[in-house]
Amino acid sequence: MPGRTTVLVTGGAGFIGSHTCVELLDHGYDVVVVDDYSNSSPGALERVAKIAARPPVAVHEIDLLDRRALSRVFDEHHIDAVIHFAAKKAVGESVELPVEYYDTNVGGTTALLRAMHDHGVHRLVFSSSCSIYGNATKVPLTEEDPAGPTNPYATSKWLCEQVLADTCRHLPRLSVLVLRYFNPVGAHPSGLLGEVPRGAVPNNVMPYLARVAAGRLPKLSVFGDDYPTTDGTGVRDYIHVMDVAEGHRVALEHLVGENGMRVFNLGTGQGTSVLELVAAFQRASGTSIPYEITGRRPGDVPALVADPSAVARAWNWTTTRDLTAMCEDVWRFQELNPSGYPN
Ligand code: UD1
């Protein structure tokens, strides 16, 4: 896709969305952001503009479920393609609030599809998750392995994939790429952009580790050491957020001239245990990270690792940033922004 292509990024102020905005702006795309700031802040977009040395064309603070406001965004801008990140993503919360998850994640996606259809926009990159594989019985996972979501968050992503696949069957001009991310971590190498989880205690291991390393939390709880893995702790496929962002930019290039839906894993193919991650973060940060082994976290699975070969074959593209870069970039962001973005 040539430069001066306009991409609508929903959830553009979020962790993955903001890094993808930088990647798109750096590659000559114009970007229109839609975000309701329910789990993000305008500060992230100020940083995006600083890094890319130009801002998004426009930022619209709207909820995707506000159909009239969404339609106005499409009226106002000539949108060539859409990247849809905006969604709720906390697994634990989804068990407590399933209706909110279906409403925001599935309803938001159908509202977006409706607006795209009404305005003749046919290209979409959709943010899905490895959590749709559920209790995977093998690693690594290919796109053909069966889905078995085990919580409303994962089910909402799986339902979106079904809606998109079926819509593509009936609307032949539609071109959709579904990217199932494994565990995105890391930060922009400038130290200006990173992950700013809401609340005092992060749910995910990487932001938690960073706060322990910075002395803002006393110690890491390692959730279980009796899994059938090399050292007994949970194994995940951590992928640098800049590789995730790059993957979206490359995906856009592959939407042109295609139609129908394709699904790809976005991971590195490397499994890392919690204890290996702790060791890597200690090396990268030069700190010592206290931890204790506690019981398993309900709903956790032993190991989730991508087979990333399908995307490599289709796009001639692979991730390039390793675990050391992920830890170093998180640590730089943590040190430069101990309290996240300024209000
Ligand atoms: C989960 C979701 C994923 C979602 C992601 C971000 C599943 C299977 N995965 O990933 O889809 O995108 O959250 O919201 O539902 N751990 C500790 N101590 C901690 C925190 C985590 O030991 O304080 C361990 C976990 O047990 C796990 C690993 O670290 O083995 C990664 O956990 P986490 O960062 O929370 O991500 P997932 O649960 O894999």
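Order of appearance sets the numbers: ligands from 1, and atoms from 1 within every ligand. Quick note: numbers below take in every heavy atom, side chains included, and nothing from hydrogens, waters or symmetry partners.
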Problem set entry | Chi angles and distances behind the salt bridge (charged side-chain N to carboxylate O under 4.0 Å, His left out) call for E161, R180 | CA-CA 10 Å; E161 289 196 14; R180 293 177 180 160; 2.7 Å; yes
For this session: Go through the steps to decide whether L304 and D237 satisfy the test side chain to side chain contact (heavy atoms under 4.5 Å, CB included), and finish with yes or no.
Result: CA-CA 6 Å; L304 276 176; D237 183 341; over 6 Å; no
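No donor-acceptor distance shorter than 3.5 angstrom exists from the side chain of H117 to the backbone of L113, with no hydrogens or angles considered.
When heavy-atom distances to ligand 1 are checked against a 4.0 Å cut-off, L220 comes that close only through its side chain, counted from C-beta outward. Of all the heavy atoms of V205, the ones lying under 4.0 Å from any atom of ligand 1 are found in both the backbone and the side chain. Here V274 has side-chain heavy atoms under 4.0 Å from ligand 1, and that is the only part of it that gets that close. For L277, no heavy-atom contact with ligand 1 is shorter than 4.0 Å. Using a 4.0 Å cut-off between heavy atoms, V235 makes no contact with ligand 1 at all. Counting heavy atoms closer than 4.0 Å to ligand 1, residue C130 contributes nothing at all.
Taking a 4.0 Å cut-off on heavy atoms, Y291 fails to register as neighbouring ligand 1.
Around atom 16 (N) of ligand 1, the closest heavy atom drawn from Y208, Y133, F223, F182 belongs to F223. When the heavy atoms of Y181, Y153, F15 are ranked by distance to atom 12 (O) of ligand 1, first place goes to Y153.
Using cut-offs of 30° and 60° on the angle between ring planes, the pair W317 and W315 is tilted. Classification of the H188-H19 ring pair by plane angle, with boundaries at 30° and 60°, yields tilted.
F85 and H248 have their aromatic ring centers within a separation under 6.0 angstrom.
Of the inter-residue distances, the one linking I293 atom CD1 with D226 atom CG reads 9.5 Å to the nearest 0.5 angstrom.
With hydrogens left out, the protein atom closest to atom 14 (O) of ligand 1 is K89 O, 3.1 Å, a heavy atom. The shortest contact between atom 6 (C) of ligand 1 and any protein heavy atom is with N204 ND2, 3.4 Å.
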